[in-house]
Amino acid sequence: MDFSTVNREFCAKTAGGDFGRLPDKPAVSGRRRRKRKNRYWGSVLFYKHLILGMTALAILLPLFGLTGMVYKYTCLKAEYQGLLRRANALCTAEAAEKDNKISEIGRKIKEELSVWTEGVGKIPFQVNTEDWNYILVNDWNPLPASYKFQLDVLEDGHQVDYRIAEDLGEMLSDAEAEGLELLVCSAYRSYERQADLFNSSVEELMEQGMTYREAYYKTHEQVAIVNYSEHHTGLAVDIVGKNHQMLDERQGRTKEAQWLAQNCSRYGFILRYPKGKEKITGIEYESWHFRYVGRDAAQFITKNDLTLEEFLKIAKIQQKTGR
């Protein structure tokens, strides 16, 4: 073997920088490379990842929904608490005003009681203030839950306590005999009906530009709140003339209203909210609102220009003192 030739070849390779170099790998064809690259899709690993992803979504989506529900609940709770605070503020203001009104009325009654008793004298008949016909319902005396009564239906469909139906019918018949046309426009009212009347008045006043508070108290001057209306007792009736059925100041000038004011006591009724007694009754003058108290009491109250509040106060004093 010619070593000189070998050495020359070795030196030549070394000089060319090929010393220690690994032999080149054969080139892989493009088709084979693509096959190796696409082997993940459809593989077992691919389906594992797919199942894991779907499982994660199945867990996370309800969590996101629950988070949204919690957020919505928090917002609704905050809104409800705000409404509750406003309602409590309104109730507190109303209670304070009612307490002031009760205190003021009580003070006036106490100051004027001696004047009443001196001017009126002793009630000439026995009065039991617990009797059904003396039940007192006003802004500071709600209708007791224990109060029981039975209703009778009038010819026009209105309902009243059956114990006053006969006297009421007689009064209406006598007025008709004298050429007057009377119309009962309101009698017994359920709590639901009273609430509808009150709320309708508030809404109407708010449409005219009043705030809720302003509309509430303006309505309260003319319409009693639920459970504080005499119409719940079945002993009160609103009566107007057929020719003028509006409940306004003109009603008091009609011949029907004047006849009722002069003659209602003969049948056991009183004009419940007379003019000039607003601070005592808590209600503005209403020429159409009549309340049954019995014939003796009605004639005594009318003759001495009293309200039911004044009459009962005097009666209670007489019961306590025996005078």
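- Ala175 and Trp259 get closest at one heavy-atom pair: CB-CZ3, 3.6 Å.
- In this structure, the separation between CG on Leu180 and CG on Asp174 is 10.5 Å, given to the nearest 0.5 Å.
- Shown here are the side-chain contact (heavy atoms from CB on, under 4.5 Å) partners of Glu284, two or more places apart in sequence or in another chain: Glu221, Gln222.
- Residues forming a side-chain contact (heavy atoms from CB on, under 4.5 Å) with Thr211 (at least two apart in sequence, or on another chain): Arg213, Glu214.
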Compile the donor-acceptor pairs under 3.5 Å between side chains in residues 159-171 and protein atoms, sequence neighbours left out, one pair per line.
unit_1	atom_1	unit_2	atom_2	d
Asp161	OD1	Arg163	N	2.9
Asp161	OD1	Arg163	NE	3.0
Asp161	OD2	Arg163	NE	3.4
Asp161	OD2	Arg163	NH2	2.8
Asp167	OD1	Arg295	NH2	2.8
Asp167	OD2	Tyr292	OH	2.7
Glu170	OE1	Arg295	NH2	3.1

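- Every residue two or more places apart in sequence or in another chain that forms a side-chain hydrogen bond (donor to acceptor under 3.5 Å, both in side chains) with Asn263 is listed here: Arg266.
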Between Glu178 and Lys255, is the salt bridge (Lys or Arg N to Asp or Glu O under 4.0 Å) condition met? List the steps.
CA-CA 11 Å; Glu178 295 190 28; Lys255 58 182 180 181; over 6 Å; no
For residues 239-246, which side-chain donor-acceptor pairs fall under 3.5 Å, sequence neighbours excluded?
unit_1	atom_1	unit_2	atom_2	d
His244	NE2	Asp248	OD1	2.9
Gln245	NE2	Lys242	O	3.2

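- In this structure, Leu52 has no side-chain contact (heavy atoms from CB on, under 4.5 Å) partners at least two apart in sequence or on a different chain.
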Can you give me every donor-acceptor pair (side chain of residues 148-156, partner residue at least two apart or in another chain, under 3.5 Å) with its distance?
unit_1	atom_1	unit_2	atom_2	d
Asp156	OD1	His158	N	3.0
Asp156	OD1	His158	ND1	3.3
Asp156	OD2	His158	ND1	3.1

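- Listed here is the closest heavy atom pair of Phe269 and Ala298: O-CB, 3.5 Å.
- Under a cut-off of 6.0 angstrom, the local environment of CD in Gln258 is crowded, with over 12 non-hydrogen atoms contributed by other residues, nucleotides or ligands.
- Counting heavy atoms from C-beta outward, Val237 and Arg291 have side chains that stay 4.5 Å or more apart.
- What you find for Tyr285 and Leu271 is that their closest heavy atoms are CE1-CD2, 4.2 Å.
- Every pair passing salt bridge (charged side-chain N to carboxylate O under 4.0 Å, His left out) that includes a residue from residues 179-202 is listed here, sequence neighbours excluded: Arg189-Asp238.
- Sorted by first then second residue, the side chain to side chain donor-acceptor pair (under 3.5 Å) pairs that include residues 197-208, not counting sequence neighbours, are Ser201-Thr219.
- To the nearest 0.5 Å, atoms CZ (Phe198) and OG (Ser229) are separated by 11.0 Å.
- Residue Leu143 is tested with Glu230, His232, His231 for a side-chain contact (heavy atoms from CB on, under 4.5 Å); the sole match is His232.
- Hydrophobic cluster membership of Leu205, counting Ile, Leu, Val, Met, Phe, Trp and Tyr whose side-chain heavy atoms lie under 4.5 Å apart directly or via other members: Met210.
- Looking at Ile280 and Glu310, their side chains come closer than 4.5 Å, going by heavy atoms from C-beta outward.
- Separation of atoms OG (Ser287) and CD (Gln251) is listed at 5.0 Å; rounding is to 0.5 Å.
- Checked against side-chain contact (heavy atoms from CB on, under 4.5 Å), Asn141 has the following partners two or more places apart in sequence or in another chain: Leu136, Asn138.
- Counting heavy atoms from C-beta outward, Pro124 and Phe300 have side chains that approach closer than 4.5 Å.
- Residue Ile51 shares its hydrophobic cluster (ILVMFWY side chains chained together at separations under 4.5 Å) with no other residue.
- Ring-plane geometry between Phe311 and Tyr134 is classed as tilted, the angle between the planes lying from 30 to 60 degrees on a 0 to 90 degree scale.
- The side-chain heavy atoms of Phe290 and Arg272, taken from C-beta on, include no pair separated by under 4.5 Å.
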